[in-house]
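Notes for the one structure printed next.
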Amino acid sequence: MQRITQYDGLYGQANTKPDAEYLYSELLETRSQSFDWVIQPHIHARLFQVFFIETGQFNFQEASRERQLTGPCLLLIPPTALHGFVYNADVRGRILTLSDALIDALFPGGSPVTAMLGSLQCLSTVWETYSASRVSELIKAIDDELFDDQPEKRLMLQSCLQQFFLVVYRLWQQSEQTGSGTNNLSLQYFRKFQQRVRQAGTTHTIAQLADDLAITPVHLNRICQSVSGKSASQLVQAHILDEARKYLTYTTYSVSEIAYLLNFEYPNYFARFFRKNTGLSPSEFREGQIKV
């Protein structure tokens, strides 16, 4: 049975088990060219990745949509987030890959940076705070230190990584400031909520998700409405739909198996939920994807 391709290590590597301090840097074009510029949709269970595309165009495939992007562009891809690429042959950039344990060590749970790291981010707007060349320099510094053998290498790498992610965090903050009036604390709660939904899936109620954030369900709903215009329940349902579309598009799991994976009590409950939100049955949706 076909399932979503998962790599414990880098794309295309089988039987690789990165350790808790795993860190790797590579030119984007090196690996991509070896796969004829097509990286099929896949996930990494325990790896966090940063894609910095300096120049060139590419198609970026997420769980529920595809986007055409042009460098300079930064993509932050957390563990378990589906992603795939089709690059133009002139694309240039670099990829950083870190273990989730290393990310947690760099930015513990109380850090505001974790709000950014908890969900997939695409920063492709004009950067006023830092130039693309500055971002490139910071990544190159990580690369130089990683493949050199100087004293206190581990400490220097930690410093380089923290500086890089703090710069990216400032760029993210810049992109979040759209004039909506939403305060930073609300944004932090909202991003943490998104992270918990991704981690817990459909196993937690809204009350449990709110409890995980140490706020009330009413407060959580107020935050979700102010940031996204949707309730917490609507956002959870949107997550379930994205996961359902992902399974229906990229796997050969039966509808009953997908219902089980998404924690529906009965397959007909899942089918009813999917039709209500899409106007199609799961089977009809899958047939449409095959025709495309």
With sequence neighbours excluded, tell me which residues meet side-chain hydrogen bond (donor to acceptor under 3.5 Å, both in side chains) with Ser133. Ser131
Of all heavy-atom pairs between Ile43 and Thr80, which one has the smallest distance, and what is that distance? CG2-O, 3.6 Å
How far apart are the C-alpha atoms of Phe60 and Phe51, what are their side-chain angles, what is the distance that settles it, and do they pass the ring-ring contact (aromatic ring centres under 6.0 Å, His included) test? CA-CA 11 Å; Phe60 176 49; Phe51 288 77; 7.9 Å; no
For Phe52, check ring pair (Phe, Tyr, Trp, His ring centres under 6.0 Å) against everything at least two apart and list the hits. none
When every non-hydrogen atom of Leu248 is compared with those of Arg286, the smallest separation belongs to O-NE, 3.0 Å
Distance-only criterion, 3.5 Å: show the donor-acceptor pairs between side-chain atoms of residues 259-273 and protein atoms not counting sequence neighbours.
residue : atom : partner : partner atom : Å
Asn263  : ND2  : Thr202  : OG1          : 2.8

Closest contact, heavy atoms only, Leu146 versus Leu157: N-CD2, 3.8 Å
Just verifying a value: how many Å separate Leu123 CG and Tyr169 OH, rounded to the nearest 0.5 Å? 12.5 Å
Tell me every residue that passes salt bridge (Lys or Arg N to Asp or Glu O under 4.0 Å) with Arg170, counting only those two or more places apart in sequence or in another chain. none
Applying ring pair (Phe, Tyr, Trp, His ring centres under 6.0 Å), name anything that partners His83, two or more places apart in sequence or on another chain. His42, His44
Least distance between heavy atoms, Val255 atom then Ser283 atom: CG2-OG, 3.9 Å
Taking 4.0 angstrom as the limit, do Lys140 and Glu137 come out as a salt bridge? no
Over 12 non-hydrogen atoms of neighbours within 6.0 angstrom of CZ in Arg46: no
When the side chains of residues 159-167 are checked against the rest of the protein, which donor-acceptor pairs come out under 3.5 Å, sequence neighbours left out?
residue : atom : partner : partner atom : Å
Gln162  : NE2  : Leu106  : O            : 3.3

